Amino acid sequence: MSEKNRGDGSGSARERLQQQREREKAREKQRRVLIVSAAVVGVLGLAAVVGVIAAGGDKDGGSDKAGPVVAPTGATEEDGKPAIPTGRTDAPSTLAIWEDFRCPACAQFENVMRDTIHELEASGALRTEYHLATLIDGNMGGSGSLRAANAAACAQDAGKFTAYHDTLYINQPQETDDAFGKNEKLIELAAKVPGLDTPAFRSCVNDGTHDSWVVKSNEAFQNGGFRGTPSVLLNGESIFPTKGGEQISPENLKKWVAEANKGKKPGTAAPSAGQSAG
């Protein structure tokens, strides 16, 4: 065998070894991503709701930037859990939603339940608190969860959170596609929300103004004992995927809120700062 052939053979062996290592890494990553499915009635019942369970910590979900925590306009924090509130501030019931903009189950939940949640908010029956997590970044790699959450917080500063939040879920890429990791994609989607694509919004997105706040929110998620995203609680009680043996649906959410609000007056205070109208 010539020296050249021996060199080629060695190179091929190294390539095969590298490919084997890559396959082993991929299998290990798959083992870290645990999937839970729950069949849900109504429109949600047409497909399984797939959520990602927190497994092995969120190793890649943090920000590379160290800096002070800059909360978005109107954000709240109770018991160390940062949130963006929407709806009447004095509504008798509160819906807490822990979600990740890259999470496909979160998109399924939002795209089916959105109109019902907005309707209950508009009537003064419900106030919603959105808690942003970066679980998928930690499990799948990338930065789309963090970048999208920062952009949503920037939209909150501009008074356009609700509209931009919904736009992100309507246009969510595949879970393995880290398209939200690119700021230009997030700015492109902002053009779908009238009045949002401004120099101030672009600067907030590109500078990662609220990155540390998102990291703090994700730490609260990791320390909160939640199994995965979405985690949905009505007045502190988990209602996703079921409550009292009944599966979540638009009709059941209305019923559960009506039961919780029996004898209570609807909220009348102005919607929280940063919420888009309609």
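All figures in this text were calculated on a predicted structure; none of them were measured in a lab. The first residue of the sequence shown is numbered 1, and numbering continues consecutively from there. Values below: every heavy atom of this structure, side chains too, minus hydrogens, waters and symmetry copies.
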For [X] and [Y], indicate whether the former's side chain and the latter's backbone hold a donor-acceptor pair under 3.5 Å.
{"X": "H131", "Y": "P82", "value": "yes"}
{"X": "S231", "Y": "G228", "value": "yes"}
{"X": "D211", "Y": "L146", "value": "no"}
{"X": "N218", "Y": "V214", "value": "no"}
{"X": "N171", "Y": "T167", "value": "yes"}
{"X": "R102", "Y": "S145", "value": "no"}
{"X": "K160", "Y": "P194", "value": "yes"}
{"X": "D79", "Y": "K81", "value": "no"}
{"X": "D157", "Y": "P72", "value": "no"}

Side chain proximity check, [X] to [Y], heavy atoms < 4.5 angstrom:
{"X": "E237", "Y": "N235", "result": "no"}
{"X": "I117", "Y": "T128", "result": "yes"}
{"X": "D100", "Y": "F221", "result": "no"}
{"X": "V215", "Y": "V69", "result": "no"}
{"X": "R88", "Y": "P271", "result": "yes"}

At their closest point, which heavy atom of [X] faces which heavy atom of [Y], and how far apart are they?
{"X": "A269", "Y": "T89", "result": "CB-OG1, 3.1 Å"}
{"X": "A75", "Y": "W213", "result": "CB-CZ2, 4.1 Å"}
{"X": "Q172", "Y": "A107", "result": "OE1-CB, 3.3 Å"}
{"X": "D178", "Y": "G142", "result": "OD2-CA, 3.2 Å"}
{"X": "P230", "Y": "C106", "result": "N-SG, 3.6 Å"}
{"X": "A220", "Y": "G80", "result": "CB-O, 3.5 Å"}

Looking at K243, I'd like to know if its NZ atom is crowded, meaning that more than 12 non-hydrogen atoms belonging to other residues, nucleotides or ligands lie closer than 6.0 Å.
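Atom NZ in K243 is packed in, count exceeds 12.
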For E184, I'd like to know if atom CD has over 12 heavy atoms of other residues, nucleotides or ligands within 6.0 Å.
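Buried by this count: over 12 neighbours within 6.0 Å.
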Can you tell me how far apart [atom1] ([X]) and [atom2] ([Y]) are? Round to the nearest 0.5 Å.
{"X": "C103", "Y": "I136", "atom1": "SG", "atom2": "CD1", "value": "5.0 Å"}
{"X": "Q247", "Y": "N252", "atom1": "CD", "atom2": "CG", "value": "9.0 Å"}
{"X": "L126", "Y": "K254", "atom1": "CG", "atom2": "NZ", "value": "12.5 Å"}
{"X": "L135", "Y": "T229", "atom1": "CG", "atom2": "OG1", "value": "5.0 Å"}
{"X": "S123", "Y": "N261", "atom1": "OG", "atom2": "CG", "value": "8.5 Å"}
{"X": "I84", "Y": "T76", "atom1": "CD1", "atom2": "OG1", "value": "9.0 Å"}

With [X], which residues qualify under salt bridge (charged side-chain N to carboxylate O under 4.0 Å, His left out), at least two apart?
{"X": "K216", "value": "E77"}
{"X": "D197", "value": "R202"}
{"X": "E129", "value": "R127"}
{"X": "K255", "value": "E246"}

Would you call E259 and K262 a salt bridge, using N to O less than 4.0 angstrom?
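Salt bridge: no.
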Assess whether a salt bridge exists between D137 and R147, defined as any Lys/Arg side-chain N lying under 4.0 Å from an Asp/Glu carboxylate O.
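Salt bridge: no.
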Single-linkage hydrophobic cluster, 4.5 Å side-chain cutoff, V70 and L186 together:
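No, because V70 and L186 fall into different hydrophobic clusters, even though each may have its own neighbours under 4.5 Å.
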For the hydrophobic clusters of this structure (ILVMFWY residues joined by side-chain heavy atoms under 4.5 Å, transitively), does one cluster hold both L132 and I170?
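No, L132 and I170 fall in different hydrophobic clusters.
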Take the angle between the ring planes of F101 and H165 and call it parallel below 30°, perpendicular above 60°, tilted in between.
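If you compare the ring of F101 with that of H165, the planes turn out perpendicular.
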In terms of the angle between their ring planes, are F226 and W98 parallel, tilted or perpendicular, with boundaries placed at 30° and 60°?
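The rings of F226 and W98 sit tilted, inter-plane angle from 30° to 60°.
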Which pairs pass disulfide bond (SG atoms under 2.5 Å apart) with one or both residues in residues 144-242, sequence neighbours excluded?
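Pairs touching residues 144-242 that pass the test: C154-C204.
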Might you work through the side chain to side chain contact (heavy atoms under 4.5 Å, CB included) test for W256 and I248, ending with a clear yes or no?
CA-CA 10 Å; W256 297 336; I248 194 169; 4.0 Å; yes
My understanding is that only residues two or more places apart in sequence, or in another chain, count here; which of them pass side-chain contact (heavy atoms from CB on, under 4.5 Å) with A258?
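None.
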Y164 ring center near Y169 ring center (under 6.0 Å):
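They do not qualify: ring centres at least 6.0 Å apart.
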Residue among T86, L196, T73 satisfying side chain to side chain contact (heavy atoms under 4.5 Å, CB included) with F161:
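Of T86, L196, T73, side chain to side chain contact (heavy atoms under 4.5 Å, CB included) with F161 is met by T86 alone.
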